[in-house]
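First up is the structure itself, then whatever we jot down about it.
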Amino acid sequence: MNDFVVVAIFNNQKETMKLRSVLERKKIPYIIQDETVVSVDPLQSIGFGNITLKVEEQNVDKVKKILIDNKKEKLIVQ
């Protein structure tokens, strides 16, 4: 299995919904971590570090471009 790296950090589940559908349409494998915990108890995002989006290294640039195109560049991890 390829290594997945963190590309973006989201503050809430709503921000991930549109991106999830775009990634699935483009068949880009991804992992979204801590989404359920944060959606159930938003205050837990402080302890868990919010919601993280991970993709395979080979797709990092594609996903960053998608985020920029959707005006979500502030969420990108440098």
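A quick note: this is a predicted structure, and the numbers were derived from the prediction, not measured.
In terms of heavy atoms, Asn59 sits closest to Pro29 at ND2-CD, 3.8 Å. Here the closest heavy-atom approach between residue Phe10 and residue Leu67 is recorded as CZ-CD2, 4.3 Å. Between Ile68 and Glu73 the shortest heavy-atom distance is O-OE1, 3.5 Å.
Judged as a side-chain hydrogen bond (donor to acceptor under 3.5 Å, both in side chains), and not counting sequence neighbours, the contacts of Glu24 are Tyr30. In this structure Asp61 satisfies the side chain to side chain contact (heavy atoms under 4.5 Å, CB included) test with no other residue, sequence neighbours excluded. Residues forming a side chain to side chain contact (heavy atoms under 4.5 Å, CB included) with Lys26 (at least two apart in sequence, or on another chain): Val22, Ile28, Ile66. Residues passing the salt bridge (charged side-chain N to carboxylate O under 4.0 Å, His left out) test with Lys62: none are found, sequence neighbours excluded. In this view, Lys64 and Val7, Val60, Ile76 satisfy the side chain to side chain contact (heavy atoms under 4.5 Å, CB included) rule, not counting sequence neighbours. Applying the side-chain hydrogen bond (donor to acceptor under 3.5 Å, both in side chains) rule to Lys18 yields the partners Asn70; only residues at least two apart in sequence or on another chain are considered.
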**Report entry** Evaluation steps, side-chain contact (heavy atoms from CB on, under 4.5 Å), between Thr16 and Leu53
**Finding:** CA-CA 8 Å; Thr16 66; Leu53 168 68; over 6 Å; no
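Rounding to the nearest 0.5 Å places CD of Gln33 at 11.0 Å from CD1 of Ile51. Separating the CD1 atom in Ile32 from the CG atom in Leu23 is a distance of 7.0 Å, to the nearest 0.5 Å.
By the 4.5 Å heavy-atom criterion applied to side chains, Lys54 and Val5 are not counted as neighbours.
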